[in-house]
There are 2 protein chains.
Amino acid sequence: MNQTATVIDELIAGGSNFAASLGINRIAGELYLLLFFSPRALSLDEMTQRLKVSKGHVSTNIRALERWQAVRKVWVKGSRKDYYEANPDTLRIIFRQLRQGLSQRFETLEKIMARAKTEISSLPGEGEAKSNDEFVYCRQRLEKIETMYKTISALLDKSEIFL
Amino acid sequence: MNQTATVIDELIAGGSNFAASLGINRIAGELYLLLFFSPRALSLDEMTQRLKVSKGHVSTNIRALERWQAVRKVWVKGSRKDYYEANPDTLRIIFRQLRQGLSQRFETLEKIMARAKTEISSLPGEGEAKSNDEFVYCRQRLEKIETMYKTISALLDKSEIFL
DNA sequence: TAGAACGTTTAGAACTTATTAAACGTAATA
DNA sequence: TATTACGTTTAATAAGTTCTAAACGTTCTA
């Protein structure tokens, strides 16, 4: 292993630490960075050896990266191995992933909020002062959440410039 | 427990699920939401009973929320318990936390990248073609990372409008 | 068709994180 | 001062995740 490799190892370690701290699987981060810094596509075996992790682990994680469109399989003539190269558009990958993840979760939340809104407006005042307080307060809070929700949605829409 | 409480329970469940899926401790999310929907400050005991988790757990997590300035302790006369209320500025809390977390991690990354840059430019060409390729390619990639880095930093700076 | 070279799946070991119950310390109260 | 009512810390356990080694199923090659 030459000197360039050592420098890259450090970059991979630092970068995958960063990714891991954001909740991305460490090996996925390492795989992506390894490919990102590699001038040619690498085979599963090469990645396995270089990162010193099991073949199965590499297999599983590289396919996760493929699903995120962070890497892609390339065809290398004369070999029947699978080779992968990094999609260098890292920012786009991150934002796409972020946007998509949030949208899905938002849908679930939206349903819950819609139901809460219906339920709460159909509640009888219940007579006693305490319950009434809670009732009014809850409505206000729900409205506040909706406002925030719209702010974030708007931001997400703007982040389309990265896609 | 009245009907408003039931609706709020659903909102807490949905919201804390959302938070948990973003990597925030589930109990922290539940605590925040419980307070967010509560018209008055609540004591540790009340939160413990309502959320059905241990006192210690509530204690630890409420202090994490305090550190993030997501809740604050309030004084209730005639009681020697600690009462807490939510900081309703949820978006501000989220962005502050995001910004701060990223900044810290960025500092570490910055150091690694600076060192890599120095090391890589001080490397001799090593003669052989293959190493030279790697060398040149690595420099290009490093530059690409720096560009992305600057893009995110700029975005973070703009997100100051939320602080 | 037998054997080798692959990538994938899986069962469980090794770690990590979340959670609890109980011990503890402190301050208020009687 | 003794007791009680708190919040905090801690040690043990439960739950969840990551990781490996080995079995497996294909596809290629001889």
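Numbers restart at 1 for each chain; the letters A, B, ... are given by sequence-line order, proteins then strands.
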TODO: Name all residues meeting the side-chain hydrogen bond (donor to acceptor under 3.5 Å, both in side chains) criterion together with Lys144(B); count only those two or more places apart in sequence or in a different chain, and write none if there are none.
DONE: none
TODO: For Glu85(B), enumerate each residue passing the side-chain hydrogen bond (donor to acceptor under 3.5 Å, both in side chains) test, keeping only those at least two apart in sequence or located in another chain.
DONE: Arg72(B)
Open item on the list: Going by salt bridge (charged side-chain N to carboxylate O under 4.0 Å, His left out), name the residues that satisfy it together with Glu66(B), two or more places apart in sequence or in a different chain.
Closed with: none
Open item on the list: Restricting to side-chain hydrogen bond (donor to acceptor under 3.5 Å, both in side chains), what partner residues turn up for Thr90(B), sequence neighbours left out?
Closed with: Tyr32(B)
Heteroatom pairs (N/O) under 3.5 angstrom, protein to nucleotides 15-17 of chain D:
none

- [ ] Let me have a per-nucleotide readout for nucleotides 9-25 of chain C, 5' to 3', with B, S or -, counting only protein heavy atoms under 4.0 Å.
- [x] B---------SB-----
Task: Sorted by number, the residues of residues 74-81 of chain B with heavy-atom contact under 4.0 Å to DNA chain D - done: Arg80(B), Lys81(B)
Open item on the list: Rounding to an integer number of Å, can you tell me how far Asp82(B) CG sits from dG7(D) C1'?
Closed with: 7 Å
Task: Distance, rounded to the nearest Å, where Lys73(B) contributes NZ and dC6(D) contributes P - done: 14 Å
Task: Basic-acidic side-chain contact under 4.0 Å: Glu146(B), Lys117(B) - done: yes
Task: Residues in side-chain hydrogen bond (donor to acceptor under 3.5 Å, both in side chains) contact with Ser21(B), at least two apart in sequence or another chain - done: Arg105(A)
Task: salt bridge (charged side-chain N to carboxylate O under 4.0 Å, His left out) involving Glu110(A) - partner list, sequence neighbours excluded - done: none
Open item on the list: Distance check needed: dT8(D) P versus Arg67(B) CZ, whole Å only.
Closed with: 12 Å
- [ ] Any chance you could pull the hydrophobic cluster mates of Val76(B), using side-chain heavy atoms under 4.5 angstrom and chaining through other members?
- [x] Val74(B), Tyr83(B)
Task: Between dT8(C) (P) and Met47(A) (CE): distance, integer Å - done: 10 Å
- [ ] To the nearest Å, give me how far apart CG (Leu51(A)) and C1' (dC19(D)) are.
- [x] 14 Å
Task: Pairs where residues 13-25 of chain B contributes a residue and the test salt bridge (charged side-chain N to carboxylate O under 4.0 Å, His left out) is met, not counting sequence neighbours - done: none
TODO: Tell me, please, which residues at least two apart from Asp89(B) pass salt bridge (charged side-chain N to carboxylate O under 4.0 Å, His left out).
DONE: none
- [ ] Give me the ring orientation class for Phe106(A) and Tyr149(A): parallel if the planes are under 30° apart, tilted from 30 to 60°, perpendicular past 60°.
- [x] tilted
Open item on the list: Please report the distance, rounded to the nearest Å, between CG in Leu44(A) and P in dT27(D).
Closed with: 17 Å
Open item on the list: Measure OH/Tyr84(A) against C1'/dT8(C) and give the value in whole Å, please.
Closed with: 11 Å
